Amino acid sequence: MLYNVITDGDDISYIPTTLGKAVLVIVIIALLAIAVAFARKKASGKGSLKLSARQLAFCAVSIALGTVLSNVKLYRFPFGGSVTLFSMLFICLPGYWFGLGAGLITGVAYGILQLLIDPFVIHPAQLLVDYILAFGAFGLSGLFSHQKKGLIKGYLAGIVGRWIFATVSGWIFFAEYAWEGWAPLPYSLVYNGIYIYTEAAVTLVILAVPYVQNAFTRVKKMALE
């Protein structure tokens, strides 16, 4: 059994068992390995893919930093979601460094880790949307990995992707919590937008500082060596 079903009146929650957590850890490791395999082509240009221990290390460090910072909550909302200390930025970095494949799979791995650490699951489909798709969307940063201002563009793509999936989840699974007088969809759009874009606005202000931009550029060069 991979999860326990907990009932509290009309509320149902799904909590991973020890076996479920072990399976999720294995999945994380496998996903990171696949991410690195798709991250960078060999210099020969033959189209084959190179597995790099350095790339794996950088992805792992990003997940670790994002996980630590996700627990530094500047504000936590009552029905899920919080403003954290730049955690979304660090999960967008693998895509910025290595491209779309590495970014997407690293984002999914991070989502699985969040499920292990702080699960809030009321339905298996909600688990998929909130933990796999929403966090996996951070990998959209890889769409702009080779463009000018790629970090900022990629970060925006990642957070918009997360906002879309979080909105879908709120609309379908948390409609009962909509504010009085609000339909579920507008409520979910605004509710999820508040905490996601508040953190994004602060992060973008920091990224606008030239010294910070140069620092991230240097880190990318190190990651690609």
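What you are looking at is a predicted structure, and each value in this text was computed from that prediction instead of being measured.
Under the 4.5 Å side-chain contact rule for hydrophobic residues, Phe135 and Phe86 share a cluster. The cluster map of Ile, Leu, Val, Met, Phe, Trp and Tyr, joined by side-chain heavy atoms under 4.5 Å apart, puts Tyr155 and Ile196 in the same cluster. Leu207 and Leu93 end up in the same hydrophobic cluster when Ile, Leu, Val, Met, Phe, Trp and Tyr side chains are linked at under 4.5 Å. Phe165 and Leu143 fall into different hydrophobic clusters, where Ile, Leu, Val, Met, Phe, Trp and Tyr side chains are chained together by heavy-atom contacts under 4.5 Å. If you chain together hydrophobic residues whose side chains sit under 4.5 Å apart, Leu100 and Leu156 never meet in one group.
Listed here is the closest heavy atom pair of Ser145 and Gly99: OG-CA, 3.9 Å. Residues Gly170 and Ser188 approach most closely at CA-OG, 3.3 Å, considering heavy atoms. Across all non-hydrogen atoms, the minimal contact from Ser62 to Phe90 is CB-O, 3.4 Å. Listed here is the closest heavy atom pair of Gln126 and Ser169: CG-OG, 3.7 Å.
Side chain of Thr67 to main chain of Ile63: a donor-acceptor pair is present (N/O by atom type, distance under 3.5 Å, no hydrogens or angles). Distance alone, capped at 3.5 Å, is enough to place a donor-acceptor pair between the Glu199 side chain and the Ser87 backbone. Remark: side-chain polar atoms of Tyr131 are paired, donor with acceptor, to backbone N or O of Phe120 under 3.5 angstrom. Checked by atom type and distance alone, the side chain of Gln147 never pairs as donor or acceptor with a backbone atom of Gly154 at under 3.5 Å.
Residue pairs meeting the salt bridge (charged side-chain N to carboxylate O under 4.0 Å, His left out) criterion with at least one member in residues 137-150: none, sequence neighbours excluded.
Through ILVMFWY side-chain contacts below 4.5 Å, Val205 is grouped with nothing and stands alone.
Within a 6.0 Å radius of CZ in Arg76, no more than 12 heavy atoms belonging to other residues, nucleotides or ligands are found.
Residues forming a ring pair (Phe, Tyr, Trp, His ring centres under 6.0 Å) with Trp171 (at least two apart in sequence, or on another chain): none.
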